[in-house]
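Numbered from 1 within each chain, the chains take letters A, B, ... in sequence-line order.
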There are 2 protein chains.
Amino acid sequence: MRILVVEDDVNLNRQLTDTLKEAGYVVDQAFDGEEGHYLGDGEPYDAVILDIGLPEMDGVTVLEKWRSAGKAMPVLILTARDRWSDKVAGIDAGADDYVTKPFHVEEVLARIRALIRRAAGHATSEIVCGPVRLDTKGSKATVDGVALKLTSHEFRLLSYLMHHMGQVVSRTELVEHMYDQDFDRDSNTIEVFVGRLRKKIGNDLIETVRGLGYRMQPPGMASKEAKS
Amino acid sequence: MRILVVEDDVNLNRQLTDTLKEAGYVVDQAFDGEEGHYLGDGEPYDAVILDIGLPEMDGVTVLEKWRSAGKAMPVLILTARDRWSDKVAGIDAGADDYVTKPFHVEEVLARIRALIRRAAGHATSEIVCGPVRLDTKGSKATVDGVALKLTSHEFRLLSYLMHHMGQVVSRTELVEHMYDQDFDRDSNTIEVFVGRLRKKIGNDLIETVRGLGYRMQPPGMASKEAKS
DNA sequence: TCAGTTCATGCGCATTCTGGTGGTCGAAGA
DNA sequence: TCTTCGACCACCAGAATGCGCATGAACTGA
């Protein structure tokens, strides 16, 4: 984990840096707005501690520049206690958190930990199988980057297969997970949907295991048995 | 966006609630820890304002119970100025933010806005989707730069959809976040509002995903039928 | 009254289901 | 090894279902 500290007060900067390093982080330092902006723009940080009152370039400006350039790393801003409007400005500029001076260093540490933990939670929930990508959060799927148009049952089927990649999934298992309770087991709906899915994502991905069910696997990893 | 306020001071609670409602949020109130815990456990909130000093059940305890039950909504805690150890305890219990009493209500509002948009993964106070811009700070929206005239429910709908851009949002989810507690789920109100919104912002932006719900996306990213 | 919201109705059509037909696979016997 | 047979599976196309939308009337609170 790499952290940037932008703070013009040399003592405070060192104090923060030392504490963070002690906690196991890698830390870069900047002592004015311009330097801070340059570093934050070019290097990949997991979090930034940014003082609002800075020489050369104001903290809020730095933050705005980062955000409008698409930088999304979590930023913790430091403000003076009596400048509560600074906080509001900072937050609206895209700060993820703030601490008012004077502060306890442990508190900053706790908040940085929280920020990093939270940022990790935003990792997109995607499952990939060969050319197929499933975005479980957005209920979307793509093949070779092209968005697929799937009906809700088709999507549920694909989703279940991809969540159990490499495993053989029986028809009854699929039925039970795609439908609520009572469903006429003597129908070939599953086969129909498998057929439709194959038509959309390509035939190679869903393998049928005769007598048992279906298995989804990236092509190339297909079971190469009895090829002799 | 639906918010829970847990605060035993009746005046403060009402003050917060009024301000939030004015800003367009749906607000539920609780006046002690037990009631707060019960509501937060059962209803889906987009954010919670939680006082630490509460009768019946301590704020930190409430928060811990929620977190260990898997509730992940952003929580803003209110602490007394001189009790900085409370803050650390609250943060360690899983609070996303804190404000010390006494505070400016605007500050709480700004932080709630920040929490909600951050939970949705947005860095700035403005969310853009194609020609539509949502200004979470001013509770306004524009299409191609022209201000939209939206009723409060229309705005809430648009806001929720834009905060969850790219994701499929179900009808029940929308109902739960646009209304407080009791609402007849068996009606087509949501569909009516979606229809009205589409009329105002254009048909292309809100895609309906049959059987699942609605998804807001910039045009051009719309799903294209895969060639069979 | 009027703007905003909710409810009820009917239509159009995407989606899903069904039954039938023909194809494929694999085991067993010659 | 080749053939045969039964079980299993893929595909098709028509039928049925029920979802989503538009519309307008009823309702409600400023």
Requested in this report: Look only at the side chain of B/T19 and the backbone of B/Q15, and say whether a donor-acceptor pair between them is shorter than 3.5 Å.
Outcome: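 Yes, B/T19 side chain to B/Q15 backbone: donor-acceptor pair under 3.5 Å.
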
Rounded to the Å, how far apart are [X] [atom1] and [N] [atom2]?
X	N	atom1	atom2	result
A/R171	C/dC17	CZ	C1'	17 Å
B/F155	C/dT5	CZ	P	13 Å
B/I190	D/dC21	CD1	C1'	14 Å
B/M178	C/dG4	CE	P	14 Å
B/K21	D/dA30	NZ	P	12 Å
B/L150	C/dT5	CG	P	10 Å
B/E207	D/dG20	CD	P	13 Å
A/E154	C/dT16	CD	P	6 Å

**Report entry** side chain to side chain contact (heavy atoms under 4.5 Å, CB included) between A/L157 and A/M178, intermediate numbers included
**Finding:** CA-CA 7 Å; A/L157 173 62; A/M178 288 174 62; 3.9 Å; yes

Query raised in the report: What residue among B/V108, B/I77, B/I49 forms side chain to side chain contact (heavy atoms under 4.5 Å, CB included) with B/V99?
Result: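 So, applying the side chain to side chain contact (heavy atoms under 4.5 Å, CB included) to B/V99 and each of B/V108, B/I77, B/I49, only B/V108 qualifies.
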
Requested in this report: Before giving the answer on side chain to side chain contact (heavy atoms under 4.5 Å, CB included), spell out for A/D96 and A/L76 the whole-Å C-alpha distance, their side-chain angles and the decisive distance to 0.1 Å.
Outcome: CA-CA 6 Å; A/D96 297 87; A/L76 173 73; over 6 Å; no

Check the phosphate of [N] against [X], side-chain N and O only, distance under 4.0 Å to OP1 or OP2. Yes or no?
X	N	answer
A/T208	D/dC9	no
A/T189	C/dT18	no
B/T151	C/dT5	yes
A/Y214	D/dC8	no

Does a side chain donor of either [X] or [Y] reach within less than 3.5 Å of an acceptor in the other side chain?
X	Y	answer
A/D135	A/S139	no
B/Y45	B/E176	no
A/Y214	A/R171	yes

**Report entry** N/O donor-acceptor pair, side chain A/N188 with base C/dG19, under 3.5 angstrom
**Finding:**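 Such a pair exists between side chain and base.
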
Report task. Using a cut-off of strictly less than 4.0 Å between a heavy atom of the residue and any atom of DNA chain C, enumerate the qualifying residues of residues 191-201 of chain B by number. Result ->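 Residues of residues 191-201 of chain B under 4.0 Å from DNA chain C: B/V192, B/F193, B/R196.
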
Query raised in the report: With ring centroids as reference points, do B/Y179 and B/H153 lie under 6.0 angstrom apart?
Result: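 Ring centroids of B/Y179 and B/H153 are less than 6.0 Å from each other.
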
Query - Test log, rule side chain to side chain contact (heavy atoms under 4.5 Å, CB included), inputs B/D28 and B/V5 - result: CA-CA 6 Å; B/D28 290 351; B/V5 176; over 6 Å; no

Query raised in the report: Quick one: on DNA chain C, does B/H153 or A/S152 contact a more 5' nucleotide (nearest heavy atom)?
Result: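 The answer here is B/H153.
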
Query raised in the report: Base, backbone or nothing for each nucleotide of nucleotides 21-26 of chain C, written B, S, -, heavy atoms under 4.0 angstrom, 5' to 3'?
Result: ---BBS

